[in-house]
There are 2 protein chains.
Amino acid sequence: MIHNQTIDNQLNHRTIRAFKDQQLSADQLATLYAAASHTSTSMFMQQFSILHLTDPQLRQAVRDISGQPYVGANGDLLIFVVDLYRNQQIRQQMGNDDGRLHTTDIFMQAVEDTVLALQNTLVAAESMGLGGVILGSIKNDPARLVKVLSLPKMTMPLLGLQVGIPDQQPQLKPRLPLDFVAFDNAYPTDFNVHDLADYDQRVHQYYDLRDANRRVDTFTNQINGAKLNLGDPDQRDELAKVLQEQGLALDWK
Amino acid sequence: MIHNQTIDNQLNHRTIRAFKDQQLSADQLATLYAAASHTSTSMFMQQFSILHLTDPQLRQAVRDISGQPYVGANGDLLIFVVDLYRNQQIRQQMGNDDGRLHTTDIFMQAVEDTVLALQNTLVAAESMGLGGVILGSIKNDPARLVKVLSLPKMTMPLLGLQVGIPDQQPQLKPRLPLDFVAFDNAYPTDFNVHDLADYDQRVHQYYDLRDANRRVDTFTNQINGAKLNLGDPDQRDELAKVLQEQGLALDWK
């Protein structure tokens with residue numbers, strides 16, 4: 001294994017959900033934005049934006065959608081937005097049609113731009129000693145989120161990032177062994193769940209150490225359980241509908 | 001601006017497309033995989049995989065799809081795969097149904113996992129003095145790519161990463177000013193294309209310096225032009241269809 005400060009930070013990545021009661025400095029925020037902005041972008045189209053929520057009512061509204069008490073609590077809350085509005089405006093104001101902006105292909109490129117920039121932002125934050133949690137829970141009610149944030153068509157809030165000064169020191173969460181994740185040339189379809197027994201044991205131990213009072217689980221039990229079980233349809237199932245209401249990926253039938 | 005080695009590397013990011021004729025060492029590759037593996041993952045579901053293509057025929061086939069001569073040429077070629085197959089297998093082998101694995105919601109979570117891991121891999125590579133280019137062009141023909149890589153249903157190759165020892169020193173490509181990308185609380189819908197005149201001038205100068213013999217362009221002209229113009233439908237427009245053939249996002253109507 002090769003080591004340097006960047007890689008050591010990456011290998012020590014923990015999700016931080018508890019932050020000290022202190023906002024990022026202007027300098028810290030500007031640095032995070034700069035890192036996001038210098039990320040690779042598909043075909044140089046730069047199809048993402050960042051909303052920094054400082055307004056207490058907005059933060060409360062996003063917390064309500066997410067259902068997670070730490071969202072919009074201590075620390076700074078950034079919303080990473082898939083943004084095809086800007087490029088649509090460029091084309092329309094230059095007298096052109098919308099071209100391929102409503103295709104699944106361009107939508108996915110914008111999603112990729114947005115997520116690449118998010119990860120670069122988190123890496124920058126962690127390199128400064130800050131911590132963060134990526135918030136998929138903002139999509140618990142996509143239509144309400146779009147409305148709360150007053151976002152125009154051709155945009156879609158994809159993920160949040162709550163970032164700040166860590167106020168907890170979680171254990172490192174064990175990841176799948178690389179044998180199950182990285183392959184040479186051929187994807188192995190002969191996966192056998194029993195081969196994950198050792199890994200399951202390590203995940204079990206991780207949860208046991210984290211909170212001895214809670215029910216302890218393995219990786220395979222989680223995948224086999226509530227995380228992926230079919231339940232009653234809820235607002236998370238409206239994502240595709242809301243995307244199309246936003247004018248995105250209209251060719252997806 | 002705050003500076004450290006990680007951030008300075010991020011701010012100096014250039015896409016590298018020309019590599020020396022030397023493969024990554026086993027140590028370098030293991031380090032990249034470790035960085036990928038330690039990336040944040042939605043709901044701890046770890047829904048991505050990496051295919052490392054060393055086989056010359058496979059590399060040629062992906063190069064043909066991408067239409068870019070540097071793909072699968074010098075350096076190492078990694079394909080980042082949205083992977084719901086592994087978790088489907090876990091559930092099926094444990095006697096369960098597929099649950100929510102075929103929903104748009106879970107597909108998008110897997111896409112996010114995949115792209116987060118890709119950016120972390122690129123950051124790790126750049127921190128070691130390597131360079132890389134993210135390859136959206138592998139999706140030029142999604143059905144053919146799935147076939148070439150013999151990928152099972154519930155997987156989808158999303159992006160490539162060609163990585164190696166840089167054999168070029170490109171200029172830094174100017175990004176949109178942050179005024180157009182990062183906002184407090186409210187997304188501004190009063191975008192005016194004329195406000196990009198200064199930025200256009202800097203992009204123009206960048207291309208002029210890069211290659212004085214080629215037609216020089218601005219950002220707005222690119223967005224207003226071929227990158228987003230409607231053309232005859234091609235295989236890139238089959239993405240949604242191929243995703244559904246792969247069993248993904250079946251609730252997207």
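Residue numbers start from 1 in every chain, and the chains themselves are labelled A, B, ... in the order their sequence lines are given, proteins ahead of strands.
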Has [X] got a side-chain atom pairing as donor or acceptor with [Y]'s backbone, closer than 3.5 angstrom?
{"X": "A:Gln93", "Y": "B:Val193", "value": "yes"}
{"X": "A:Lys227", "Y": "B:Met43", "value": "yes"}
{"X": "A:Tyr85", "Y": "B:Thr189", "value": "yes"}
{"X": "A:Asn87", "Y": "B:Ile223", "value": "no"}
{"X": "B:Asn229", "Y": "A:Gly99", "value": "no"}
{"X": "A:Arg86", "Y": "B:Phe191", "value": "no"}

Going from [atom1] on [X] to [atom2] on [Y], what distance comes out if it is rounded to the nearest 0.5 angstrom?
{"X": "A:Thr104", "Y": "B:Arg236", "atom1": "OG1", "atom2": "CZ", "answer": "11.5 Å"}
{"X": "B:Leu243", "Y": "A:Trp252", "atom1": "CG", "atom2": "CH2", "answer": "4.5 Å"}
{"X": "A:Leu176", "Y": "B:Phe44", "atom1": "CG", "atom2": "CZ", "answer": "7.0 Å"}
{"X": "B:Gln119", "Y": "A:Leu116", "atom1": "CD", "atom2": "CG", "answer": "5.0 Å"}
{"X": "A:Asn192", "Y": "B:Ile90", "atom1": "CG", "atom2": "CD1", "answer": "10.5 Å"}
{"X": "B:His38", "Y": "A:Ile7", "atom1": "NE2", "atom2": "CD1", "answer": "12.5 Å"}

Among [options], which residue has the highest count of heavy-atom pairs closer than 4.5 Å to chain B?
{"options": "A:Leu228, A:Leu230, A:Val115, A:Thr6", "value": "A:Leu228"}
{"options": "A:Asn221, A:Asp105, A:Leu239", "value": "A:Asp105"}
{"options": "A:Leu159, A:Leu151, A:Thr155", "value": "A:Leu159"}
{"options": "A:Gln109, A:Gln92, A:Arg175, A:His13", "value": "A:Arg175"}
{"options": "A:Lys173, A:Gln5, A:Gln222", "value": "A:Lys173"}
{"options": "A:Leu11, A:Leu53, A:Thr114", "value": "A:Leu11"}

Which atoms of [X] are under 4.5 Å from chain B, going by heavy atoms: the side chain, the backbone, both sets, or neither?
{"X": "A:Asn12", "value": "neither"}
{"X": "A:Leu178", "value": "side chain"}
{"X": "A:Leu122", "value": "side chain"}
{"X": "A:Pro142", "value": "neither"}
{"X": "A:Ala186", "value": "backbone"}
{"X": "A:Ser40", "value": "both"}
{"X": "A:Phe107", "value": "side chain"}
{"X": "A:Ile106", "value": "side chain"}

Which of [options] touches chain A most, by non-hydrogen pairs under 4.5 Å:
{"options": "B:Ala117, B:Ala30, B:Pro152", "answer": "B:Pro152"}
{"options": "B:Ser150, B:Gly136, B:Ser37", "answer": "B:Ser37"}
{"options": "B:Leu32, B:Leu149, B:Thr103, B:Val123", "answer": "B:Val123"}
{"options": "B:Asn120, B:Val81, B:Leu101, B:Thr54", "answer": "B:Asn120"}
{"options": "B:Asn9, B:Thr15, B:Asp83, B:Asp251", "answer": "B:Asp83"}
{"options": "B:Gln89, B:Gln244, B:Lys241", "answer": "B:Gln244"}

If I compare all heavy atoms of [X] with all of [Y], which pair ends up nearest, and what's the gap?
{"X": "B:Met1", "Y": "A:Ala34", "result": "CE-CB, 3.7 Å"}
{"X": "A:Gln28", "Y": "B:Ile2", "result": "CG-CD1, 3.4 Å"}
{"X": "B:Ala35", "Y": "A:Gln10", "result": "CB-OE1, 3.9 Å"}

Non-hydrogen side-chain atoms of [X] and [Y] separated by less than 4.5 Å:
{"X": "B:Arg91", "Y": "A:Thr220", "value": "no"}
{"X": "A:Tyr187", "Y": "B:Ser49", "value": "yes"}
{"X": "B:Gln46", "Y": "A:Phe219", "value": "yes"}

Can you tell me which portion of [X] sits under 4.5 Å from chain A's heavy atoms? Options are side chain, backbone, both or neither.
{"X": "B:Ile79", "result": "neither"}
{"X": "B:Thr39", "result": "both"}
{"X": "B:Ala249", "result": "both"}

Below 3.5 Å, can you tabulate the donor-acceptor pairs from side chains in residues 127-134 of chain B to any protein atom, sequence neighbours excluded?
residue  : atom : partner  : partner atom : Å
B:Ser127 : OG   : A:Asn4   : ND2          : 3.0
B:Ser127 : OG   : B:Ala124 : O            : 2.7

Distance only, no hydrogens: is a donor on one side chain within 3.5 Å (strictly under) of an acceptor on the other, for B:Asn185 and A:Arg59?
no

Which salt bridge (charged side-chain N to carboxylate O under 4.0 Å, His left out) pairs, counting each pair once, include a residue from residues 107-130 of chain A, with sequence neighbours left out?
A:Glu112-B:Lys139

